[in-house]
Amino acid sequence: MEIELKPEEFELFRRYIYTKVGISLSAQKTTLVKGRLNKRLHQLGLRSFRDYYDHLVSDVSGDELALFVSAISTNVTSFFRESSQWVWLEKYLPSLIEAKRDKKIRIWSAGCSSGEEPYTILMFLQHHLNDFDSWDIKILATDISSKVLSKAIVGSYESKHVESLPREIALRSFEKVRNDTGISYQIVPHLRSKVMFRLYNLVTDPFFFKNKFDMVFCRNVMIYFDDETRHDLIERFGKVLPKGSPLFLGSSESVTTHRETFKLLGSSIYQRL
Ligand SMILES: C[S@@+](CC[C@H](N)C(=O)[O-])C[C@H]1O[C@@H](n2cnc3c(N)ncnc32)[C@H](O)[C@@H]1O
């Protein structure tokens with residue numbers, strides 16, 4: 001039986017979610033929240049959305065919040081997503097190599113979901129840098145959801161996601177693993193060791209970064225945020241990117257403010273000015 005979501009209950013969720021993750025739920029989302037969260041209430045043996053609200057706010061681990069966010073948004077991702085950005089990056093790479101005399105590259109994948117994005121960055125660099133192994137490359141990959149991060153850390157993917165990759169890249173980047181559920185493909189250890197996965201809420205967690213990044217990827221994350229949240233986040237990205245470095249957003253996202261800090265280069269790629 002479907003549990004009803006009363007307007008005053010929806011209002012509680014709306015306010016809480018906005019302050020916690022910057023997602024602004026309009027009243028039209030009532031049906032979506034009710035539909036997507038009903039199963040969770042049944043799993044927890046709860047009888048009302050008010051009880052679920054109490055459960056959500058009292059969960060200090062943040063896991064329930066991540067589950068809520070996953071239910072109303074999406075963790076959808078894939079290897080080499082936004083193909084035109086990788087074409088752009090190929091052209092940009094020689095100038096990055098030239099600038100990085102210390103052979104140190106630091107990249108942030110913000111909202112990395114189950115890891116396809118940070119691992120794609122590594123596959124891309126391994127493919128294009130002849131002396132890849134002599135580079136000191138580290139990727140910070142963060143997400144609000146511990147569930148997707150656990151998957152990302154293991155780095156194991158179904159064959160259908162790997163088969164579509166260029167053969168040379170797939171062979172170098174994955175190893176075949178047989179388990180109870182069949183065959184999966186796991187990212188090779190030397191690539192996995194270059195990614196540091198961390199639980200991090202882009203909206204409420206303190207911005208503690210001391211060092212700068214050579215690139216920031218924050219793709220398909222801000223779509224659910226309101227203008228103010230997006231504005232604040234872009235401002236913070238500006239602080240961790242040195243002049244000239246690129247910021248990659250999702251194809252439906254853009255920087256409409258901060259004209260003095262970011263310039264559009266193409267395909268939702270912005271350059272820090
Ligand atoms: C649609 S996925 C995008 C994954 C990847 N960047 C890509 O483009 O393929 C969006 C991810 O952003 C994460 N996310 C949403 N709100 C967040 C927040 N406030 N802080 C950190 N991560 C967040 C979600 O958990 C989800 O994994």
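Remember, it's 1-based here, ligands and their atoms both numbered in the order they're listed.
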Would you mind finding which of Leu202, Leu249, Leu233 brings a heavy atom closest to atom 18 (C) of ligand 1?
Leu202
Taking the six-membered ring for Trp and the single ring otherwise, decide whether the centroids of Tyr270 and Trp88 are under 6.0 Å apart.
no
Can a salt bridge be assigned to the pair Arg219 and Glu82 using a cut-off of 4.0 Å between side-chain N and carboxylate O?
no
Check each of Ile23, Asn201, Ile144, Thr204 against atom 14 (N) of ligand 1 and report the one with the nearest heavy atom.
Ile144
Atom 4 (C) of ligand 1: nearest protein contact (heavy atom, Å):
Gly111 O, 3.3 Å
What protein heavy atom is closest to atom 26 (C) of ligand 1, reported as residue, atom name and distance in Å?
Asn75 ND2, 3.3 Å
Can Phe225 be said to touch ligand 1, with heavy atoms closer than 4.0 Å?
yes
Identify the closest protein heavy atom to atom 27 (O) of ligand 1: which residue and atom is it, and at what distance?
Asp143 OD2, 2.7 Å
Give me the ring orientation class for His258 and His231: parallel if the planes are under 30° apart, tilted from 30 to 60°, perpendicular past 60°.
tilted
Quick one: does Asn220 get an N or O within less than 3.5 Å of an N or O on ligand 1?
yes
Between the main-chain N or O of Lys34 and the side-chain N or O of Asn38, is there a donor-acceptor pair closer than 3.5 Å?
yes
Do any N/O atoms on Arg81 end up under 3.5 angstrom from N/O atoms on ligand 1?
yes
Under-4.0 Å heavy-atom contact with ligand 1, by part of Phe217 that carries it:
neither
Which atoms of ligand 1 sit under 4.0 Å from any heavy atom of Val203?
19 (N)
Please state whether the rings of Phe13 and Tyr53 are parallel, tilted or perpendicular, taking 30° and 60° as the class boundaries.
perpendicular
Rounded to the nearest 0.5 Å, what separation is found between the CD atom of Gln85 and the CG atom of Leu249?
8.0 Å
Salt-bridged, Glu158 to Lys160, with N to O below 4.0 Å?
yes
Check ligand 1 against Glu117 and write out every atom of the ligand that is under 4.0 Å from a heavy-atom position of the residue.
5 (C), 6 (N), 7 (C), 8 (O)
For His128 and Phe124, take the angle between the two ring planes, folded into 0 to 90°, and tell me which bin it lands in: parallel under 30, tilted 30 to 60, perpendicular over 60.
tilted
Which residue and atom name correspond to the protein heavy atom nearest atom 3 (C) of ligand 1, and how close is it?
Arg219 O, 3.5 Å
What atoms in ligand 1 come closer than 4.0 Å to a heavy atom of Ser113?
4 (C), 27 (O)
Show which atoms of ligand 1 fall inside a sub-4.0 Å distance from at least one heavy-atom site of Tyr200.
20 (N), 21 (C)
Do Ser78 and Glu116 pair up side chain to side chain, a donor and an acceptor below 3.5 Å, judged on atom types alone?
no
Do Tyr119 and Phe197 make the cut of ring centroids closer than 6.0 angstrom?
yes
For atom 9 (O) of ligand 1, what is the nearest protein heavy atom, given as residue, atom name and distance?
Thr77 OG1, 2.6 Å
